[in-house]
Amino acid sequence: MSRIAYVNGAYVPHREAQVHVEDRGYQFADAVYEVIAVRGGGLVDEAGHLARLKRSLAELRIRAPMRDTALRHVIREMVARNGVRDGIVYMQVSRGVARRDHPFPAAATKPAIVMTARRMPRFDLRAPVTGIKILTVPDIRWQRCDIKSVSLLPNILAKQQAREAGAYEAWQVDADGRVTEGASTNAWIVTKAGELVTRSASNAILNGITRLALIAIAAKLGVRLVERSFTVAEAKEAREAFITSATSFVLPVVQVDDRVIGNGEPGSISLQLREAYADHMDEAARRSA
Ligand SMILES: Cc1ncc(COP(=O)(O)O)c(C=O)c1O
């Protein structure tokens with residue numbers, strides 16, 4: 001099945017999909033995006049992702065490209081036309097096409113929307129998993145990390161630095177030595193006292209939809225959660241650690257820089273939350289049909 005992309009109202013072959021050279025997303029990173037996981041043909045936490053998209057657009061004063069019902073229809077069309085059973089849908093909305101100039105273009109300028117869908121092998125979150133390594137790096141981003149903007153240069157540099165160091169993810173660290181979040185994931189630890197800790201939502205992090213789902217899951221399971229920041233030193237002393245995102249799900253961490261976490265194996269609370277998240281994904285995807 002050949003891939004189809006959606007570009008400003010048209011479904012086109014993926015290899016022919018193009019945006020205008022003066023799209024403000026292309027020239028200024030004046031655009032926002034969302035990634036929704038597809039599980040068994042259904043969408044995971046679609047409502048949360050669309051609510052966050054709306055918020056990102058509003059914060060940047062970019063108009064919504066279409067009504068919610070239309071957007072939900074296009075997303076489903078993309079899943080169907082690309083034969084996605086498991087994978088992701090990516091959508092990006094820019095302020096539109098206009099002659100290059102920093103101020104906003106005329107109010108009548110239409111926002112531009114593109115969407116892609118990608119098939120991926122089905123991930124079994126109940127299968128044994130080896131944990132990942134984290135590299136800590138300074139957080140050099142701006143003060144609106146709560147907006148899911150396509151302006152991702154610091155994230156890309158952090159991720160690349162991690163990969164070159166043999167780590168899977170980078171944890172970005174603020175000026176006070178506290179972890180903000182990963183390059184494309186939220187960061188969590190379980191302290192020696194058994195407390196689950198993740199940074200509270202603020203302008204310093206993207207409020208992950210997976211993060212929000214996991215907060216609800218932890219409450220249901222009776223896992224004690226504290227939303228607060230934690231230092232790199234605290235992370236290195238933690239009993240467990242893991243990362244979350246729509247595409248990484250709940251992924252255990254077994255090393256931070258040169259320090260092995262716990263006994264070097266994925267922790268029991270991390271694995272319990274990973275399994276519970278698998279159930280949540282299946283259930284949420286079923287409900288989205
Ligand atoms: C910087 C950052 N933090 C956190 C996340 C996790 O968000 P979500 O759980 O909605 O995928 C992402 C996802 O792309 C991200 O880019």
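Along the sequence shown, residues carry numbers from 1. Read the numbers this way: they start at 1 and go in the same order the structure lists the ligands and their atoms. Note that the coordinates shown come from a computational prediction; the quantities given were computed from them, not determined experimentally.
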Check: residues 181-188 side-chain donor-acceptor pairs under 3.5 Å, at least two apart:
from: Glu181; atom 1: OE1; to: Asn186; atom 2: ND2; distance (Å): 3.4
from: Glu181; atom 1: OE1; to: Leu206; atom 2: N; distance (Å): 3.2
from: Glu181; atom 1: OE2; to: Arg141; atom 2: NH1; distance (Å): 2.8
from: Glu181; atom 1: OE2; to: Arg141; atom 2: NH2; distance (Å): 3.0
from: Glu181; atom 1: OE2; to: Leu206; atom 2: N; distance (Å): 3.2
from: Ser184; atom 1: OG; to: Lys159; atom 2: NZ; distance (Å): 2.7
from: Thr185; atom 1: OG1; to: Glu169; atom 2: OE2; distance (Å): 2.7
from: Asn186; atom 1: OD1; to: Gly208; atom 2: N; distance (Å): 3.3
from: Asn186; atom 1: ND2; to: Leu206; atom 2: O; distance (Å): 3.0
from: Trp188; atom 1: NE1; to: Thr244; atom 2: OG1; distance (Å): 2.9

Check ring-ring contact (aromatic ring centres under 6.0 Å, His included) between Tyr168 and all other residues, then give those that pass, not counting sequence neighbours.
none

Both conditions, 6.0 Å and 45 degrees, for the charged tip of Arg81 above the ring of Tyr11: are they met here?
yes

Among residues two or more places apart or on two chains, list those pairs meeting salt bridge (Lys or Arg N to Asp or Glu O under 4.0 Å) that have a residue in residues 26-50.
Arg24-Asp30, Asp30-Arg95, Glu34-Arg52, Arg39-Asp282, Glu46-Arg72, Glu46-Arg76

Check ligand 1 against the protein and report each N/O to N/O distance under 3.5 Å, formatted as atom name, atom name, distance.
from: ligand 1; atom 1: 3 (N); to: Glu181; atom 2: OE1; distance (Å): 2.6
from: ligand 1; atom 1: 9 (O); to: Ile209; atom 2: N; distance (Å): 3.3
from: ligand 1; atom 1: 9 (O); to: Thr210; atom 2: N; distance (Å): 3.0
from: ligand 1; atom 1: 9 (O); to: Thr210; atom 2: OG1; distance (Å): 2.6
from: ligand 1; atom 1: 10 (O); to: Arg52; atom 2: NH1; distance (Å): 2.9
from: ligand 1; atom 1: 10 (O); to: Arg52; atom 2: NH2; distance (Å): 2.9
from: ligand 1; atom 1: 10 (O); to: Ile209; atom 2: N; distance (Å): 2.8
from: ligand 1; atom 1: 11 (O); to: Ala246; atom 2: N; distance (Å): 2.8
from: ligand 1; atom 1: 14 (O); to: Lys148; atom 2: NZ; distance (Å): 2.9

Salt bridge flag under 4.0 Å for residues Asp68 and Lys54
yes

Are there more than 12 heavy atoms of other residues, nucleotides or ligands under 6.0 Å from atom CZ of Phe104?
yes

